[in-house]
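Chain naming here is simple, since letters A, B, ... match the order of the sequence lines and numbering starts at 1 in each.
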Number of protein chains: 2
Amino acid sequence: MEQSKTDPRVLRTRKLIMDSFMELSSKKEFKDITVKDITAEAVINRATFYYHFEDIYDLLEKVLSEVLLVNLDGDYYQNYELNEEALINIFKAITNFQKSLSNRCHRGYEDTIARIIREQLEVIFHKMLLKQRPTEDVQAQKVTAVMLSWGIYGASVEWRRSSKEISPEEYIHSAIPYIMKGIDLGDAD
Amino acid sequence: MEQSKTDPRVLRTRKLIMDSFMELSSKKEFKDITVKDITAEAVINRATFYYHFEDIYDLLEKVLSEVLLVNLDGDYYQNYELNEEALINIFKAITNFQKSLSNRCHRGYEDTIARIIREQLEVIFHKMLLKQRPTEDVQAQKVTAVMLSWGIYGASVEWRRSSKEISPEEYIHSAIPYIMKGIDLGDAD
DNA sequence: GTAGATTTGTTGGTTATACAACACATTTAG
DNA sequence: CTAAATGTGTTGTATAACCAACAAATCTAC
């Protein structure tokens with residue numbers, strides 16, 4: 001699963017850059033952060049930044065992906081069944097993630113963030129489905145994963161828009177029967 | 001004073017190694033720490049260790065020197081007069097330093113540690129004397145610095161051996177008149 | 001608008017670190 | 001005691017990171 005050995009220099013430098021970016025994100029908005037700021041904070045050469053990232057938007061994507069993965073990874077994501085509990089946990093992770101983002105100001109990049117979340121969800125759902133139903137057509141699983149990722153993400157958006165009087169757990173709970181029924185109709189094994 | 005620009009890679013790597021060594025020192029005795037342990041903890045290549053340090057004893061020296069300098073530097077060390085207050089502060093710094101060492105087990109290396117402390121003290125005293133009496137013969141100042149470093153260090157040893165019923169300040173205070181008088185006899189300006 | 005300053009990507013040459021392999025020394029086990 | 005295992009210090013080669021310099025784009029001020 002993990003690429004067995006990456007040069008430790010690469011790991012160190014990436015971590016330095018990402019940590020510095022997150023540090024700066026807690027002080028300024030994304031639009032006010034320059035590559036120079038980041039490399040100065042990290043005390044690395046600016047050329048080294050471009051060795052690892054296309055540009056600052058690429059960095060944003062990778063940082064967000066990683067933070068989201070950390071939010072999810074601790075709970076399941078690998079070797080877990082796509083059941084009610086998993087769906088609730090994933091939904092909670094997303095709402096938590098978005099809450100942590102609202103502190104760091106990324107105004108104007110909601111679309112990017114939304115796309116990243118959906119892409120990550122899609123990967124996770126697809127892996128879980130693969131494990132759960134190894135026999136099924138892969139294309140069907142991909143489409144299912146896409147729809148689940150959009151659906152779960154959309155639900156999190158609506159929950160944020162709502163009065164938030166009900167907890168994320170309760171919110172998603174009411175929808176789960178429909179999701180599971182849909183999943184179960186496929187070919188429960 | 002400071003070498004204006006050192007390669008940031010060097011600074012990072014040295015810090016990694018030194019921090020890892022201090023971390024390990026809080027868990028094991030010095031004699032049980034190998035170069036491999038350190039480089040594994042720091043996640044650097046073992047060859048890189050030897051690029052920066054002769055061997056593990058060289059590392060010990062440099063770490064101790066740096067820790068001691070940090071203990072001292074905050075207070076004076078530069079641009080300060082070698083007066084009663086300075087002597088008391090230096091003495092306190094040494095006793096503090098040795099107290100912090102007794103937690104990390106360096107049994108069997110007391111001689112090395114003692115030498116390092118005396119060497120650092122000698123440098124500091126010499127600098128202070130140079131600033132205080134720019135006209136005086138350099139050789140005389142060097143000898144004075146040597147004697148002061150041995151004297152102050154010896155006093156700290158005796159204080160540790162004592163019942164420690166009196167504070168470091170009090171202990172050194174009683175000796176200061178003799179030290180200062182000796183200094184003053186030279187050529188007070 | 002324009003000029004100056006800052007930021008962005010990119011490049012070529014240099015240096016530090018990674019890595020694997022080695023001979024040798026020291027420790028550990030039987 | 002011997003043999004295996006572990007640690008030490010060194011070397012050659014590959015690569016990541018540094019640095020300075022550059023043209024082009026973008027931002028600022030006037």
**Prompt:** Any side-chain heavy-atom pair from Thr13(B) and Phe49(B) closer than 4.5 angstrom?
**Reply:** no

**Message:** With heavy-atom distances below 4.5 Å as the criterion, would you say the side chains of Glu41(B) and Leu16(B) are in contact?
**Reply:** no

**Message:** If you go through the side-chain atoms of Arg9(A), does one of them form a donor-acceptor pair with the base of dA18(C) closer than 3.5 Å?
**Reply:** no

**Item:** Length of the line joining Leu11(B):CG and dA17(D):C1', which is rounded to integer Å
**Value:** 14 Å

**Message:** Less than 4.5 Å apart, side chain to side chain, heavy atoms only: is that true for Phe53(B) and Phe21(B)?
**Reply:** no

**Message:** Nearest heavy atom decides the nucleotide; on that basis, is Asp55(A) or Val10(B) closer to the 5' end of DNA chain C?
**Reply:** Asp55(A)

**Nucleotide dT10(D), atom C1' - distance to CD of Glu54(B) in whole Å** = 13 Å

**Request:** Could you tell me the separation between the NZ atom of Lys31(A) and the P atom of dT8(C), rounded to a whole number of Å?
**Result:** 14 Å

**Item:** Listed nucleotide nearest any side-chain atom of Arg12(B), set dA16(C), dT11(D), dA17(D)
**Value:** dA17(D)

**Request:** Could you tell me the separation between the OH atom of Tyr57(B) and the C1' atom of dT8(D), rounded to a whole number of Å?
**Result:** 11 Å

**Message:** Can you tell me if His52(B) touches the phosphate of dA16(C), counting only side-chain N or O atoms and a distance under 4.0 Å to OP1 or OP2?
**Reply:** no

**Prompt:** Would you say Gln120(B)'s side chain and Leu72(B)'s backbone share a donor-acceptor pair under 3.5 angstrom?
**Reply:** no

**Asked** Does the side chain of Leu82(A) reach to within under 4.5 Å of the side chain of Leu87(A), using non-hydrogen atoms?
**Response** yes

**Item:** Any Lys5(B) side-chain N or O less than 4.0 Å from OP1/OP2 of dA20(D)
**Value:** yes

**Request:** Write down the distance between OH (Tyr51(B)) and C1' (dT11(D)), rounded to a whole number of angstrom.
**Result:** 15 Å

**Item:** Same cluster (ILVMFWY, side-chain, under 4.5 Å), Ile88(B) and Trp150(B)
**Value:** no

**Asked** Can you tell if the side chain of Arg46(B) reaches within under 4.5 Å of the side chain of Val35(B), non-hydrogen atoms only?
**Response** yes

**Within residues 34-46 of chain A, residues whose heavy atoms come under 4.0 Å of DNA chain C** = Thr34(A), Val35(A), Lys36(A), Arg46(A)

**Asked** Atom CZ of Phe49(B) and atom C1' of dA18(C): how far apart are they, to the nearest Å?
**Response** 16 Å

**Prompt:** Among all residues two or more places apart in sequence or in another chain, which pass the side-chain hydrogen bond (donor to acceptor under 3.5 Å, both in side chains) test with Asp7(B)?
**Reply:** Arg9(B)

**Message:** So if I take the C1' atoms of five pairs at each end of the helix from dG1(C)-dC30(D) to dG30(C)-dC1(D) and get each local axis, what angle do the two axes make, rounded to 10 degrees?
**Reply:** 50°

**Message:** Does either side chain, that of Thr48(B) or that of Asn45(B), offer a donor lying less than 3.5 Å from an acceptor on the other one?
**Reply:** no

**Asked** Would you call the rings of Phe91(B) and Trp159(B) parallel, tilted or perpendicular, where under 30° means parallel and over 60° means perpendicular?
**Response** perpendicular

**Prompt:** For DNA chain D, whose closest nucleotide is more 5', that of Ala47(A) or that of Asp7(A)?
**Reply:** Asp7(A)

**Message:** Measure CD1/Ile33(B) against C1'/dG7(D) and give the value in whole Å, please.
**Reply:** 15 Å

**Message:** Nearest to the Tyr50(A) side chain among dA16(D), dG9(C), dA16(C), which nucleotide is it?
**Reply:** dG9(C)

**Message:** Between P on dT8(D) and CG on Asp32(B), what's the gap in Å once rounded to a whole number?
**Reply:** 12 Å

